[in-house]
Amino acid sequence: MKISRRASLTACVAVLGALAIVPAAQAKTQYYVSLGDSYASGYQPGKGNTKEGFVYQVPALAKKRGYNLKVVNFGCAGATTKSMMEQVGCAKAALGPGAKPFNKTQIAAATDFIKANRKKVALITVSISGNDVTKCVSAADPITCVAEAQAAIKANIGTAAKQLRAAAGSKPVMVGTTYPDVVLGAWVNPGGAGAQNIANLSVVAFKSLINPTLEASYAEGKGKFVDVTAKTGAYGDMNVTETLAPYGSIPKPVADVCRITWYCEKRDIHANKAGYAIIAKMVAAELPKR
C-alpha cells in the first residue's frame, strides 16, 4: 500500500511529539531536604511559617530544570548553628508547613532521613547562622561581636556539611544560603545617625566576616554557597540614592532591602515573598539541567 508523503510526515511529527513529552512524564519524584532556621521554615510576620518561604518555592523552579521534587523540611524557626547540632526536637509551631515533628537533633533527623532515602535525594539546602549574630546589632562593638561568633558558626556548619555529605553521597546538590542584609533597614527604622552607622557596619560584617565563613564551612562538605546578600544589592554604593515612599530619598541598597524584607516596615528580619523568591531562584539555579 502506497503511503503519501504528507501522511508520512504527519506520522513522523506525531512520533517526535510523543518522544518529546516522555522525559517529563518519566521524571521521578526525588526528595529536597531542608535544614535551618525561620528562613527555612518560611516565616512571615503575622502569618507564622508559610509556603511563601524559599524552600516551598524551589520545586516549581526545579521542575523547569527537569526535576520533580518533594520537600522534606527539618527547618526550625529560631534555630542557631548550635541548636541545629544539639537541641532535640522542635516545637510544632516552629516547623514549616507539612513538616513532621522529630525527636532527635535537627542534623540527626535530616541525616537519618537522607541515609534511609539516599538514592532518592536530589537537593539539600541549609539556611542557618542568622540567629547566631542577631544579638550583635545591639552590641557595643558589633563587628567584634560578629567576629567572636564566627568560630562557633564555622565549627557547627563545617561539621553539619560533612555529616550531610557523608549521609548523601556525592550526587545530591547541597546548597548553603545566607541572608539579605536586613540591618540596612536600620537606616530608616528607627533611623538616626547611630542607626545609619549600624547599617553601614552590617555590610562590613556580611561581606568580610559572615559570608566568607559560611562559604568556607559549606565547602568542607563539598557544598555550594549562594551569596544572597550580594544578590539583593547590599554591597551597592550607599551614595547612590532613590526615592521610596514613605521614607523619601535613601541609599539604593537600603531601598532594595526595604522592598524585599519586612525590616523597614515592621522591623522584622524576614524576607517577604518576593525576597524569598530571589533565594529560591538562586538555589534552583545550582541544580544542573536535565
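- Taking CG of D37 as the start and CE of M84 as the end, the distance is 9.5 Å to the nearest 0.5 Å.
- Hydrophobic clustering (ILVMFWY, side-chain heavy atoms < 4.5 Å, transitive): Y56 and Y67 are in one cluster.
- Across all non-hydrogen atoms, the minimal contact from A271 to Q44 is O-NE2, 2.5 Å.
- Atom NZ of K135 sits about 5.5 Å away from atom SG of C145, to the nearest 0.5 Å.
- Using a 4.5 Å cut-off on side-chain heavy atoms (C-beta onward), I107 and Q163 make contact.
- The salt bridge (Lys or Arg N to Asp or Glu O under 4.0 Å) test applied to E265 returns no partner, not counting sequence neighbours.
- Using a 4.5 Å cut-off between side-chain heavy atoms of Ile, Leu, Val, Met, Phe, Trp and Tyr, with links allowed through other members, V88 and F74 fall into different hydrophobic clusters.
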Test log, rule side-chain contact (heavy atoms from CB on, under 4.5 Å), inputs V175 and I124: CA-CA 6 Å; V175 182; I124 303 166; over 6 Å; no
Working for side-chain contact (heavy atoms from CB on, under 4.5 Å), residues I250 and V188: CA-CA 8 Å; I250 56 177; V188 298; 3.8 Å; yes
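- Using a 4.5 Å heavy-atom cutoff, the side chains of N272 and R259 are not in contact.
- Nearest heavy atom pair, residue A122 against residue L69, reads CB-CD2, 3.9 Å.
- The same ILVMFWY cluster, assembled from side-chain heavy atoms under 4.5 Å apart, contains both L35 and L95.
- I114 and M85 fall within the same hydrophobic cluster, where Ile, Leu, Val, Met, Phe, Trp and Tyr residues are linked whenever their side-chain heavy atoms come under 4.5 Å apart, directly or through other members.
- For the pair V183/I198, a side-chain contact is recorded, criterion being any heavy-atom separation below 4.5 Å from C-beta on.
- Taking a 6.0 Å sphere around NZ of K266, one finds it holds more than 12 heavy atoms contributed by other residues, nucleotides or ligands.
- The minimum heavy-atom distance between Y39 and S127, with the atom names listed, is CB-OG, 3.3 Å.
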Salt bridge (Lys or Arg N to Asp or Glu O under 4.0 Å) evaluation trace for E220 with R165: CA-CA 9 Å; E220 291 188 42; R165 181 55 70 196; over 6 Å; no
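- Under the 3.5 Å distance criterion, the side-chain polar atoms of N117 are left unmatched by any main-chain donor or acceptor of K120.
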Candidate pair D112 and K104, rule salt bridge (Lys or Arg N to Asp or Glu O under 4.0 Å), full reasoning: CA-CA 10 Å; D112 285 351; K104 308 173 183 180; 2.6 Å; yes
Stepwise salt bridge (Lys or Arg N to Asp or Glu O under 4.0 Å) test for K231 and D227: CA-CA 6 Å; K231 185 69 173 179; D227 192 340; over 6 Å; no
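- Judged purely by distance below 3.5 Å, without hydrogens or angles, the side chains of N211 and Y179 never pair a donor atom with an acceptor atom.
- Under a 4.0 Å N-O distance rule, the pair K154/E215 does not qualify as a salt bridge.
- Inter-residue side-chain proximity for V72 and S34 is flagged as unmet; no heavy-atom pair is nearer than 4.5 Å.
- Taking the six-membered ring where tryptophan is involved, the planes of F225 and Y218 are essentially parallel, since the angle between them stays under 30° and well short of 60°.
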side-chain contact (heavy atoms from CB on, under 4.5 Å) assessment of L164 paired with T111: CA-CA 6 Å; L164 289 166; T111 52; 3.9 Å; yes
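- Checked against a 6.0 Å centroid threshold, the rings of F113 and Y31 count as neighbours.
- At a threshold of 4.5 Å between side-chain heavy atoms, the hydrophobic network of Ile, Leu, Val, Met, Phe, Trp and Tyr places W262 and V228 in two separate groups.
- The distance from atom CG of N68 to atom OH of Y32, rounded to the nearest 0.5 Å, is 15.0 Å.
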Got a list of side-chain donor-acceptor pairs under 3.5 Å for residues 281-290, not counting sequence neighbours?
| unit_1 | atom_1 | unit_2 | atom_2 | d |
| --- | --- | --- | --- | --- |
| R290 | NH1 | Q30 | OE1 | 3.0 |
| R290 | NH2 | Q30 | OE1 | 2.8 |

side-chain contact (heavy atoms from CB on, under 4.5 Å) between V257 and T232, worked out: CA-CA 7 Å; V257 84; T232 51; 6.0 Å; no
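- Inter-residue side-chain proximity for Y263 and C258 is flagged as unmet; no heavy-atom pair is nearer than 4.5 Å.
- Considering CD of Q150 and CD1 of I157, their distance stands at 9.0 Å, rounded to 0.5 Å.
- Checked options V137, V133, L201; the residue passing with P142 is L201 (criterion: side chain to side chain contact (heavy atoms under 4.5 Å, CB included)).
- Contact annotation: the side chain of R118 never approaches that of K171 to less than 4.5 Å [non-hydrogen atoms, C-beta and beyond].
- Distance alone, capped at 3.5 Å, is enough to place a donor-acceptor pair between the T80 side chain and the S83 backbone.
- Inter-residue side-chain proximity for V240 and P251 is flagged as unmet; no heavy-atom pair is nearer than 4.5 Å.
- Between T261 and H270, the side chains place no donor N or O within less than 3.5 Å of an acceptor N or O (distance only, hydrogens not considered).
- Note: I278 CD1 to Q57 CD = 10.0 Å, rounded to the nearest 0.5 Å.
- For T81 and D132, the side-chain atoms include at least one donor-acceptor pair closer than 3.5 Å.
- Closest approach of G221 to M174, counting heavy atoms only: O-CE, 3.2 Å.
- For the pair K207 and Y235, the cation sits on the ring face: its NZ or CZ lies under 6.0 Å from the ring centre, inside 45° of the axis.
- Rounded to the nearest 0.5 angstrom, I210 CD1 and C136 SG are separated by 7.5 Å.
- Of all the heavy atoms in N49 and P97, the pair that sits closest is O-CG, 3.6 Å.
- The backbone N or O of Y43 sits less than 3.5 Å from a side-chain atom of Y276, completing a donor-acceptor pair.
- When every heavy atom of A79 is checked against every heavy atom of N131, the shortest pair comes out as O-ND2, 2.8 Å.
- Looking at heavy atoms from C-beta onward, P172 lies out of side-chain contact with L123 at the 4.5 angstrom threshold.
- Side-chain polar atoms of D181 and T229 form no donor-acceptor pair below 3.5 angstrom.
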